Amino acid sequence: MMAEKNLIILNTVIVTPLGNRALKGEEMNRLAVVSDASIVIENGIIVYCGKAKEVPQKYMKANFKIVDAEGRVSMPGFVDSHTHLTFGGYRPDEFAERLKGRTYMEIMENGGGIQSTVNATRNAHFSELLAKSEWFIDRAVEMGVTTVEVKTGYGLDFESESKMLDVIGSIASNPNRKLNVVSTFLGAHAVPSEYCGRTEKYVDYIINEMLPAFKEKARFCDIFTEKNVFEIEDSRRLLKAAKNLGYGLKIHADEIVALGGAELAVELGAVSADHLLHVRDKGIEALSASETVATLLPLTAFSLKESFAPARKLIDAGCAVALATDLNPGSCFSGSIPLTIALACIHMDMTVEETITALTLNGAAALDMADETGSLEKGKRGDVVILDFDNYNMLPYYVGMSCVRTTVSDGLVVFDRMKNNY
């Protein structure tokens with residue numbers, strides 16, 4: 001009988017970054033390319049990855065599932081290391097208002113924005129949030145995502161944030177899940193209406209009530225460090241408390257104004273500083289000298305008609321750059337990996353090689369998982385994407401369209417567009 005998670009991919013071109021850490025600067029351009037290759041996955045773990053003629057015969061004789069790539073490219077599964085895909089309601093009318101000229105912050109300051117989603121999420125049943133989250137995850141799998149980070153942040157009170165974490169945890173612990181899910185507590189996403197004008201008190205509430213209770217439910221703690229939201233001192237205070245409890249740290253940094261969020265991320269040893277549209281030169285210098293990953297979210301800048309984060313400047317300065325979608329109901333209602341790739345290459349001046357690294361190994365590093373996934377190497381999880389083509393340059397060239405033929409997560413085929421049997 002064929003064991004689950006035992007798989008051999010034959011007749012493929014392997015394209016992968018290598019290593020167990022984030023690649024920085026020029027390193028991001030270095031991809032290993034192996035033609036006439038095979039990948040062997042046993043019990044969900046890669047046990048061989050290289051030339052087909054060198055596959056140990058014991059695997060060829062075993063009763064493993066066989067996938068013939070027919071000369072197509074196999075890459076690491078994409079890692080979407082920044083999403084907000086668990087939420088109640090939608091906000092299409094606000095999007096229409098932005099198209100007419102109102103800014104994101106204007107809408108937020110007039111009771112819309114995050115607060116409107118908070119209201120809908122607080123009123124949503126667990127089952128409703130779960131079904132919607134799973135729908136988004138299915139779409140991600142179709143685009144080759146094998147690891148996704150999911151944040152809370154639309155509850156902003158104990159009961160609702162706990163409900164969101166339970167939804168994320170339910171997906172993550174489901175033995176039939178189609179990808180790996182990482183949970184992040186983002187109670188400091190906005191100051192809820194009941195704490196209006198009392199930001200310091202809300203931070204106290206998070207530190208004293210939520211952080212201790214949610215430690216077993218969330219791997220990371222994040223905060224929206226922004227002018228007139230959570231400024232540097234409140235952010236430092238909250239993140240230090242989270243770090244003392246054992247949370248990994250992530251920061252929404254320098255998205256709207258240059259506040260110094262990148263520098264704070266480095267100071268506190270955060271795994272990533274995200275957004276960075278307005279990162280300062282000293283923030284770039286700090287990131288380049290650290291292990292903190294600069295996670296860029298081009299879909300958000302695109303949706304808000306803002307300038308893109310300075311990817312070229314960050315990489316040339318020696319930073320480790322990751323890319324993620326920022327799927328959320330307000331500033332970026334898109335989880336499109338193909339459009340993320342196109343924007344990175346066409347508008348952010350990233351090379352195709354840098355973009356692949358940013359969406360695989362560096363995305364994994366932004367979740368402190370570079371030793372588990374993000375590259376096709378012996379000992380890592382069997383997370384693989386097989387493209388429709390034998391040339392990885394097709395990824396940005398087929399603008400905004402998915403090149404993914406097959407997605408393999410933990411050694412299981414979870415999406416096969418040709419067979420439609422996922």
Side-chain angles (χ1 to χ4, degrees), residues 7-19 23 28-41 46-55 59-60 64-80 140-147 323 336-346 350-364 373-378 380-409 411-422:
L7 178 72
I8 299 178
I9 300 172
L10 299 174
N11 191 22
T12 194
V13 179
I14 293 171
V15 175
T16 183
L18 298 173
L23 301 184
M28 291 182 62
N29 264 313
R30 302 173 192 169
L31 297 180
V33 179
V34 183
S35 57
D36 300 318
S38 293
I39 303 167
V40 182
I41 302 168
I46 297 172
V47 293
Y48 178 82
C49 188
K51 284 289 187 181
K53 63 183 180 181
E54 298 174 12
V55 176
Y59 296 120
M60 298 305 296
F64 283 21
K65 179 180 176 66
I66 302 294
V67 173
D68 186 352
E70 300 176 336
R72 298 177 176 86
V73 166
S74 289
M75 296 170 39
F78 296 123
V79 179
D80 193 351
V141 169
E142 292 169 5
M143 291 180 284
V145 175
T146 55
T147 300
L323 292 164
S336 176
I337 295 294
L339 185 54
T340 299
I341 292 170
L343 294 174
C345 293
I346 298 170
M350 292 177 65
T351 67
V352 183
E353 292 80 6
E354 289 167 346
T355 299
I356 290 171
T357 299
L359 273 167
T360 57
L361 184 58
N362 282 11
T373 190
S375 62
L376 301 182
E377 300 180 76
K378 184 178 180 180
K380 290 200 176 183
R381 272 204 320 257
D383 296 341
V384 187
V385 166
I386 303 174
L387 303 184
D388 280 305
F389 305 100
D390 62 1
N391 185 334
Y392 64 82
N393 287 306
M394 295 296 291
L395 286 165
Y397 173 60
Y398 193 28
V399 178
M401 301 296 289
S402 180
C403 296
V404 172
R405 184 184 185 92
T406 306
T407 305
V408 178
S409 179
L412 293 174
V413 175
V414 292
F415 171 73
D416 185 338
R417 185 169 47 74
M418 301 307 294
K419 295 181 180 179
N420 196 32
N421 63 353
Y422 54 96

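As the structure is a prediction and not an experimental result, all values here were calculated from the model. Keep in mind that the numbers below use all heavy atoms, side chains included, and drop hydrogens, waters and symmetry copies. Position 1 is the first residue of the sequence, and the numbers go up from there.
For the pair L395 and T355, the minimum side-chain heavy-atom distance is 4.5 Å or more. Between L10 and M60 the shortest side-chain heavy-atom distance falls below 4.5 Å. Residues M143 and P338 are in side-chain contact: their nearest non-hydrogen atoms beyond the backbone lie under 4.5 Å apart. Side-chain atoms of S74 and I39, non-hydrogen and from C-beta on, do get closer than 4.5 Å to each other. Contact annotation: the side chain of S402 never approaches that of E142 to less than 4.5 Å [non-hydrogen atoms, C-beta and beyond].
Note: D68 CG to I8 CD1 = 12.0 Å, rounded to the nearest 0.5 Å. To the nearest 0.5 Å, atom OG1 of residue T351 and atom CG of residue N29 are 3.5 Å apart. Taken to the nearest 0.5 Å, the CD1 atom of I46 stands 8.5 Å off from the NZ atom of K380. Distance check: L343 CG to M350 CE gives 11.5 Å after rounding to the nearest 0.5 Å. The structure places CE of M401 at 13.0 Å from CD1 of I341, a figure rounded to the nearest 0.5 Å. Residue C49 holds its SG atom at 8.5 Å from CG of L18, rounded to the nearest 0.5 Å.
Of all the heavy atoms in V404 and F415, the pair that sits closest is O-CE2, 3.9 Å. Taking all atoms of both residues into account, the shortest heavy-atom contact from Y48 to E54 is OH-CB, 3.2 Å. Between A37 and I14, the closest heavy-atom pair is CB-CD1, 3.5 Å. Closest non-hydrogen pair, A52 versus S38, comes out as CB-OG, 3.4 Å. Across all non-hydrogen atoms, the minimal contact from P17 to P76 is CD-CG, 4.0 Å. Pairing each heavy atom of G77 with each of T146, the nearest pair is CA-OG1, 3.3 Å.
The number of heavy atoms from other shown groups lying within 6.0 Å of NZ (K51) is above 12. Within a 6.0 Å sphere centred on CZ of F389, heavy atoms belonging to other residues, nucleotides or ligands number more than 12. Heavy-atom neighbours of Y397 OH from other residues, nucleotides or ligands within 6.0 Å: at or below the threshold of 12.
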Residues V384, I41; criterion side-chain contact (heavy atoms from CB on, under 4.5 Å); working and verdict: CA-CA 10 Å; V384 187; I41 302 168; 4.2 Å; yes
So I356 and M75, side-chain contact (heavy atoms from CB on, under 4.5 Å) or not? Walk me through it. CA-CA 9 Å; I356 290 171; M75 296 170 39; 3.9 Å; yes
Would you check, one step at a time, whether the test side-chain contact (heavy atoms from CB on, under 4.5 Å) holds for F78 with T360? CA-CA 5 Å; F78 296 123; T360 57; 4.1 Å; yes
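With hydrogens and angles ignored, the 3.5 Å screen pairs no side-chain donor or acceptor of T406 with any backbone N or O of I386. The backbone N or O of D388 sits less than 3.5 Å from a side-chain atom of R72, completing a donor-acceptor pair. E377 contributes a side-chain N or O that, together with a main-chain N or O of G19, makes up a donor-acceptor pair within less than 3.5 Å. Here the side chain of N362 pairs a donor or acceptor atom with the backbone of L23 at under 3.5 angstrom.
At a cut-off of 3.5 Å, with distance as the only test, no side-chain donor of E70 or N11 sits close to an acceptor on the other residue. Using modelled atom types and a 3.5 Å distance limit, the side chains of T147 and R381 yield a donor-acceptor pair.
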